[in-house]
> 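Handing you a structure now.
Every chain is numbered from 1 and lettered A, B, ... according to where its sequence line falls, protein lines coming before strand lines.
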Amino acid sequence: MKFKSVKGTKDILPEDIFKWHFVEQKIRSIMHTFNYREIRTPVFEETALFSRGIGELTDIVGKEMYTFPDRSGTSLTLKPEMTAAVMRAYLQNNLGEQQPLTKVYYISPMFRQERPQAGRLRQFHQFGAESIGSSNPTSDAEIISLSNQIYKSFEIRNFKTSINSVGCEKCRPQYKEILKNHLMGFAQKLSEESQKRLEQNPLRILDSKNETDRELTKNAPLVKDHLCEECANHFSEVQQILNKLNVPYSIDGRIVRGLDYYTKTAYEIVSSDLGSQDALAGGGRYDLLVEQIGGKITPSVGFAAGIERLLMTLEKGNVFSGNDISPDVFIAAADDLGKIWAIETAMKLRNVGIPSEIDFLNRSLKAQMREADRQKARFVIVAGATEIEKQSFTIKNMQTGVQMDVPSSEILNHFQNETR
RNA sequence: GUGUCCAUAGUUCAGUUGGUUAGAACGCCAGGUUGUGGCCCUGGAGGUCGUGGGUUCAAAUCCCACUGGACACCCCA
């Protein structure tokens, strides 16, 4: 075969598309329930938006972005995540000047050049929401309960929500020192990866999957126990609201999101129905991002969720069965006269909204019947010179096998009743 | 980027210690009625055995490289 889709990318074929429609429709409807409005941004942005917004030291910016120069030499990047792009659009279009709080959601492809595996593709799709302009813990709670609500509405069973606070620019640096001092005691014993992170990103050592790292850091100090007063209050208010809303969650002091812009609340939703990449969604508060990309301080919260991963859990739950589309009527032609009549009649039926199909391959009547059956058409009209002569057509119900004759003038009415 | 496993018809797979025309099932096409589907029967089409090298008298089968896939690490949605 000459051409193949590039590594880590997939076609979504007609036979699967109804799953995507189903999922997208549900997401949209819940987003609207929470009064979030859709936003769409270009698939690429200036590279600097992401490197500045997400953080130079993150893995995403460091080694996963699809970056290329355009013909004028500007460095562009296929979006690896949506938050920075949304915030750019927010600033560029002065959305914050039109109202103090902006609530938007998106459904969009993302691109990250990683080694593909279960639940990880190079082009994948995310949905997510951003609540821009509020530092109120109610906003954090709304975002968390919104994402929960979506999974609940899909009747997903095995998911759980964990929350944490990663502090702010005031308390986190102090905590970092405390943590570093603690880790220094046994730095040599840590995994190679973790030793590298000691200087740049000591927080990340806490959520290492390495067994020895986990054992060694069992008693390490956690950010949530070293928050400044403001962060501590914020964290406890978020919890109180979640309790009131009956959103089930647990506190996990080791959650550290991989993007630099998070402050205070960080959370994730994982599923035991997924493989090693078990995060369905992740998010949190990012009070510093807007400043990073050149706006004035704008406290915000948001989350992002993987559609392929959601689909994987739904496949496990056997949610999809025979939801594919099929025509109501297949018009089978017995001869050349019938062929003309068939396309004319199909058009008439289509004009009143009845999905109809005909044969395009000059097949025998038998083959046309087979085709109608394969497509799960509910009815077949047989048309040939005889019927056209008599102006009366045979309509076969494909489920029961029963045939009846209907005069040409009654056909439209007949199907409008039958297919209602 | 690293590691492990894998790569044969449209699909899921079989292919014996390397040996001659590479098989099955399902799917597809046609026929079994002269204008009628599903079940059944009969026949048919369809394969550069991922690609490129190498070993050998002989390679789908052994070796190497590359590409792609699955999974895991890493990281994350």
> Taking any strand in view, what nucleotide pairs with B:U16 in a Watson-Crick or G-U wobble way, both distances under 3.5 Å?
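Paired with B:U16, as far as the under-3.5 Å criterion goes, is no nucleotide at all.
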> Have a look at A:Gly401 and say if it touches a base, only the backbone sugar-phosphate, or nothing, with a 4.0 Å heavy-atom cut-off.
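The residue A:Gly401 makes base contact.
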> Can you check salt bridge (Lys or Arg N to Asp or Glu O under 4.0 Å) on A:Arg88 and A:Glu45, steps first, answer last?
CA-CA 9 Å; A:Arg88 193 227 82 231; A:Glu45 296 277 353; 2.4 Å; yes
> Does B:A72 pair with anything, Watson-Crick or G-U wobble, both distances under 3.5 Å, and if so, with which nucleotide?
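B:U2 - that is the nucleotide pairing with B:A72, both distances being under 3.5 Å.
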> Residues two or more places apart in sequence or in another chain: which of them pass side-chain contact (heavy atoms from CB on, under 4.5 Å) with A:Asp405?
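Applying side-chain contact (heavy atoms from CB on, under 4.5 Å) to A:Asp405 gives A:Ser392, A:Thr394.
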> Using atom P of each nucleotide, how far apart are B:G23 and B:G44 to the nearest Å?
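Going atom to atom, P in each nucleotide, I get 13 Å.
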> Measure the distance from CZ on A:Arg122 to P on B:U67 and round it to the nearest whole Å.
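Those two atoms, CZ and P, are 11 Å apart.
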> I need the CE-P distance between A:Met312 and B:A70, as an integer number of Å.
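Going from A:Met312 (CE) to B:A70 (P), I get 10 Å.
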> In whole angstrom, give me the gap between the P atoms of B:U11 and B:G3.
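B:U11 and B:G3 have their P atoms separated by 30 Å.
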> Where the side chain of A:Lys396 is defined as all heavy atoms beyond and including C-beta, which of B:G37, B:C76, B:A72 is the nearest nucleotide?
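Between B:G37, B:C76, B:A72, the one nearest the side chain of A:Lys396 would be B:G37.
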> Closest to the A:Lys10 side chain: B:U36, B:G68, B:A70?
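Among the listed nucleotides, the one closest to the side chain of A:Lys10 is B:A70.
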> Among B:C74, B:A70, B:U36, which nucleotide has an atom closest to any side-chain atom of A:Pro116?
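The closest nucleotide is B:A70.
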> Let me know the distance between OH of A:Tyr267 and C1' of B:A77, rounded to the nearest Å.
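Those two atoms, OH and C1', are 12 Å apart.
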> Quiz question: by atom type and distance under 3.5 Å, do the side chains of A:Asp140 and A:His234 form a donor-acceptor pair?
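A:Asp140 vs A:His234: donor-acceptor pair found between side chains.
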> Determine which nucleotide pairs with B:U55, using a 3.5 Å limit on both distances of a Watson-Crick or G-U wobble pair.
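When the pairing criteria are applied, nothing turns out to pair with B:U55, so the answer is none.
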> If we take the P atom in both B:C64 and B:A72, what is their distance in whole Å?
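One P to the other, the span is 26 Å.
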> At 4.0 Å (heavy atoms only), tell me whether A:Gly384 reaches a base, stays on the sugar-phosphate, or touches nothing.
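Nothing, no nucleic acid heavy atom in range.
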> Let me know the distance between CD of A:Gln368 and C1' of B:U36, rounded to the nearest Å.
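So the CD-C1' distance, A:Gln368 to B:U36, works out to 10 Å.
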> From CZ of A:Arg214 over to P of B:C73, roughly how many Å is that when rounded to an integer?
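My rounded result for the distance is 11 Å.
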> Does A:Lys103 pair with A:Glu142 as a salt bridge, N-O distance under 4.0 Å?
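Salt bridge present between A:Lys103 and A:Glu142.
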> B:A77 P sits how many Å from A:Phe154 CZ, rounded?
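So the two atoms are 19 Å apart, to the nearest Å.
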> With a non-hydrogen cut-off below 4.0 angstrom, is A:Gly283 in contact with a base, only sugar-phosphate, or nothing?
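No contact.
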> Look for any protein N or O under 3.5 Å of an N or O in nucleotides 25-34 of chain B and output each such pair with its distance, or none.
{"unit_1": "B:C28", "atom_1": "OP1", "unit_2": "A:Arg374", "atom_2": "NH1", "d": "2.5"}
{"unit_1": "B:C29", "atom_1": "OP1", "unit_2": "A:Arg374", "atom_2": "NH2", "d": "3.1"}
{"unit_1": "B:A30", "atom_1": "OP2", "unit_2": "A:Arg370", "atom_2": "NH2", "d": "2.4"}

> Categorize A:Arg204 for me: base, sugar-phosphate, or nothing, with a 4.0 angstrom heavy-atom threshold over every strand shown.
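Answer is sugar-phosphate: A:Arg204 comes under 4.0 Å of backbone atoms only.
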> What integer number of Å spans the C1' atoms of B:G18 and B:A60?
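Their C1' atoms lie roughly 10 Å apart.
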> Determine the interatomic distance between C1' on B:C5 and the same-named atom on B:A24; round to the nearest Å.
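Between the two C1' atoms, the distance is 26 Å.
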> Is the closest side-chain donor-acceptor distance between A:Lys339 and A:Asn362 under 3.5 Å?
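Checked: A:Lys339/A:Asn362 side chains pair up, N/O donor to acceptor below 3.5 Å.
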> For A:Gly338, which contact category applies under a 4.0 Å heavy-atom criterion: base, sugar-phosphate, or nothing?
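Counting heavy atoms under 4.0 Å across all strands, no contact is made by A:Gly338.
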> Could you let me know what B:G37 is paired to, Watson-Crick or G-U wobble, both distances under 3.5 Å, or none if it's on its own?
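None - no nucleotide pairs with B:G37, as no candidate has both distances under 3.5 Å.
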> In this structure, how many angstroms lie between the C1' atom of B:A70 and the CG atom of A:Leu274, rounded?
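One finds 16 Å between C1' of B:A70 and CG of A:Leu274, rounded.
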> What nucleic acid atoms does A:Glu64 come within less than 4.0 Å of, heavy atoms only: base, sugar-phosphate, or nothing?
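Sugar-phosphate, backbone atoms only, no base.
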> Could you check whether A:Ser271 and A:Asp278, counting side-chain N and O atoms only, form a donor-acceptor pair closer than 3.5 Å?
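There is no such pair between these side chains.
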> In the strands shown, is B:C49 matched to any nucleotide by a Watson-Crick or G-U wobble pair with both distances under 3.5 Å, and which?
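The answer is none; no pair meets the criterion.
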> Please give the distance between the C1' atoms of B:G27 and B:C66 as a whole number of Å.
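B:G27 and B:C66 have their C1' atoms separated by 33 Å.
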> Could A:Arg350 and A:Glu357 be called an ion pair, given the rule that one side-chain N must be under 4.0 Å from one carboxylate O?
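Result for this pair is yes, salt bridge flagged.
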> Rounded to whole angstroms, how far apart are CZ on A:Phe124 and P on B:A77?
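Value for this atom pair: 8 Å.
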> With a 3.5 Å cut-off and no angle check, do the side chains of A:Asn164 and A:Asp252 form a donor-acceptor pair?
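There is no such pair (donor and acceptor under 3.5 Å, judged by atom type) between the side chains of A:Asn164 and A:Asp252.
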> Look at the side-chain N and O atoms of A:Ser276 and state whether any lies under 4.0 Å from the OP1 or OP2 oxygen of B:C71.
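Indeed not, no polar side-chain atom of A:Ser276 lies that close.
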> Can you find a side-chain donor-acceptor pair between A:Thr41 and A:Tyr106 that sits under 3.5 Å?
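The answer is no; no qualifying pair exists.
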> Please classify the nucleic acid contact of A:Gln375 as base, sugar-phosphate, or nothing, using heavy-atom distances under 4.0 Å.
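The answer is nothing, as A:Gln375 stays clear of every strand by at least 4.0 Å.
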> Could you list, one pair per line, each protein nitrogen or oxygen that sits under 3.5 Å from a nitrogen or oxygen of nucleotides 1-4 of chain B, together with the distance?
{"unit_1": "B:U2", "atom_1": "O4", "unit_2": "A:Arg115", "atom_2": "NH1", "d": "2.7"}

> Does the structure show a Watson-Crick or G-U wobble partner for B:C26, both distances under 3.5 Å? Name it, or say none.
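Across any shown strand, B:C26 pairs with B:G10.
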> Counting just side-chain N and O atoms, does A:Gln277 come under 4.0 Å of either OP1 or OP2 of B:C76?
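Looking at the OP1 and OP2 atoms of B:C76, neither is under 4.0 Å from any side-chain N or O of A:Gln277.
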> Is A:Leu280 touching bases, backbone alone, or none of the nucleic acid, heavy atoms closer than 4.0 Å?
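Here A:Leu280 touches the backbone only, sparing every base.
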> Name the nucleic acid region contacted by A:Ala304, choosing base, sugar-phosphate or nothing; use a 4.0 angstrom heavy-atom cut-off, strictly under.
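Sugar-phosphate contact only - A:Ala304 comes under 4.0 Å of backbone atoms but never of a base.
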> Taking atom P in both B:U8 and B:A45, compute the distance separating them and give it to the nearest angstrom.
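Roughly 23 Å separates the two P atoms.
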> Charged N to carboxylate O under 4.0 angstrom, A:Lys19 versus A:Asp16?
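A:Asp16 and A:Lys19: salt-bridged.
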> Are the aromatic rings of A:Tyr36 and A:Tyr105 close, with centres under 6.0 Å apart?
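No, they do not, as the ring centres are separated by 6.0 Å or more.
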> Rounding to an integer number of angstrom, what distance separates B:G53 and B:A70 when you compare their P atoms?
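28 Å, rounded to whole Å.
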> Would you tell me whether A:Asn243 and A:Tyr249 have side-chain atoms, one donor and one acceptor, within less than 3.5 Å of each other?
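Indeed, the side chains of A:Asn243 and A:Tyr249 share at least one donor-acceptor pair under 3.5 Å.
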> Calculate, to the nearest 0.5 Å, the distance between atoms CD1 and CD1 belonging to A:Ile17 and A:Ile325 respectively.
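Output value for this atom pair is 11.0 Å.
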> Answer with base, sugar-phosphate or nothing: what part of the nucleic acid does A:Leu121 contact at a heavy-atom distance below 4.0 Å?
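Touches a base.
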> Pick the nucleotide of RNA chain B nearest each of A:Thr58 and A:Ala383; which residue has the one closer to the 5' end?
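Closest to the 5' end, via its nearest nucleotide, is A:Ala383.
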> By nearest heavy atom, map A:Gln403 and A:Ala305 onto RNA chain B; which one lands nearer the 5' end?
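The answer here is A:Gln403.
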